[in-house]
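Remember, it's 1-based here, ligands and their atoms both numbered in the order they're listed. Residues take their numbers from the sequence shown, with the count starting at 1.
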Amino acid sequence: MTADADAKKHAGMPGGTNVLVSIDDHIAWVTLNRPDKRNAINPGIVFEMVQVLDALEMDDRAKVLVITGAGEAFSAGQDLKEYFREPDAGDPMLRERLYRANAAWQWRRLMYYPKPTIAMVNGWCFGGAFQVLIGCDLAVASNDAKFGLSEINWGIIPAGIVTKSVAMVLSQRAALYYIMTGDTFDGQTAANLGLVNFSVPASELKERTRALAKKLMEKNPHVLRAAKTAYHHVREMSWDTAAEYLASKSDQAKFRDPEKGDQKGMAQFLDAKSFRPGLGAYKRNG
Ligand code: ACO
């Protein structure tokens, strides 16, 4: 793509420097854009991503977000110089502000983001990038992507909230193996471990991700939002509290759903006999 065409594609979008956004077919492609630094997460990416997530939440053109990286990396993790060394030597208040903004976009915003999110792992994925990956609802990797919790190799623990995230999606054996060895693994292994939903040849990565995004777009967005929020909250609850919460959440979702999906779905199944929930989604415009 020429620089001109590229500029046009991103015109009027949030981000534009460290993060590029383009919306096509209601999919917002959010690209970490420091390819020369393997998309290492510096303050520029942190503060721009907070703005991008805020802007896309309110943008009706964006129904699903895909987060990926420019060039040969998804992201090489936190920027060792600009995220760690320089802020560590500077004003502690500014460092605190940076850490807070980083937590905001990598998990506080992403995990509970009102729209579906997919991580498209196109290459290197290290350290802090695991948080972005796990913060997204779903993830697709290129077979030849390379993952690693490399922190142990240079004398720190996987921090931020990465250890907790990893404990959430990997088995204890796998989590401790990769935390303690720093070994790398490829996209297919990531799929076998359940770290990503599936992995595909690099040449198919974008189209398979697009197909997944489209599948999500067929669903009722209000119910999708309630379903993912409920999932994250019930993980920490007792069974009794979860049962109470889910009953209320279910009522809330029905009450707030402008398309009244439950009534449509039931009428189409029970009265019109025009659809079967086990074989696909109800006709949202029917
Ligand atoms: N922080 C800062 N700069 C980085 C980072 C990073 N995490 N990763 C890559 N870069 C920079 C390199 O310093 C280099 O900059 P330069 O051109 O100014 O010298 C540039 O990106 C390209 O990196 P290379 O190492 O030359 O690229 P290569 O393709 O050979 O290797 C790889 C890529 C394997 C990703 C390598 O860069 C690497 O190991 N990076 C560190 C990965 C890591 O351990 N991340 C965890 C950080 S800690 C955390 O996230 C909590």
### Query
So, are R284 and E218 salt-bridged, with charged N and O less than 4.0 Å apart?
no
### Task
Evaluate the criterion ring-ring contact (aromatic ring centres under 6.0 Å, His included) for residue pair Y178 and F185; output intermediate values, then yes/no.
CA-CA 9 Å; Y178 290 110; F185 52 97; 4.4 Å; yes
### Message
For residues Y282 and V223: do they belong to one hydrophobic cluster (side chain heavy atoms under 4.5 Å, members Ile, Leu, Val, Met, Phe, Trp, Tyr)?
### Response
no
### Message
List the protein residues in contact with ligand 1, where contact means a heavy-atom separation under 4.0 angstrom.
### Response
D36, K37, R38, A40, E72, A76, G77, Q78, D79, L80, F84, W124, F126, G127, G128, S150, E151, W154
### Query
Do N122 and T68 get their side chains close enough for a donor-acceptor pair, meaning under 3.5 Å?
yes
### Residues which pass salt bridge (Lys or Arg N to Asp or Glu O under 4.0 Å) with E82, listed by chain and number, not counting sequence neighbours
R34
### Query
Parallel, tilted or perpendicular: which describes the rings of Y83 and Y99, with under 30° parallel and over 60° perpendicular?
parallel
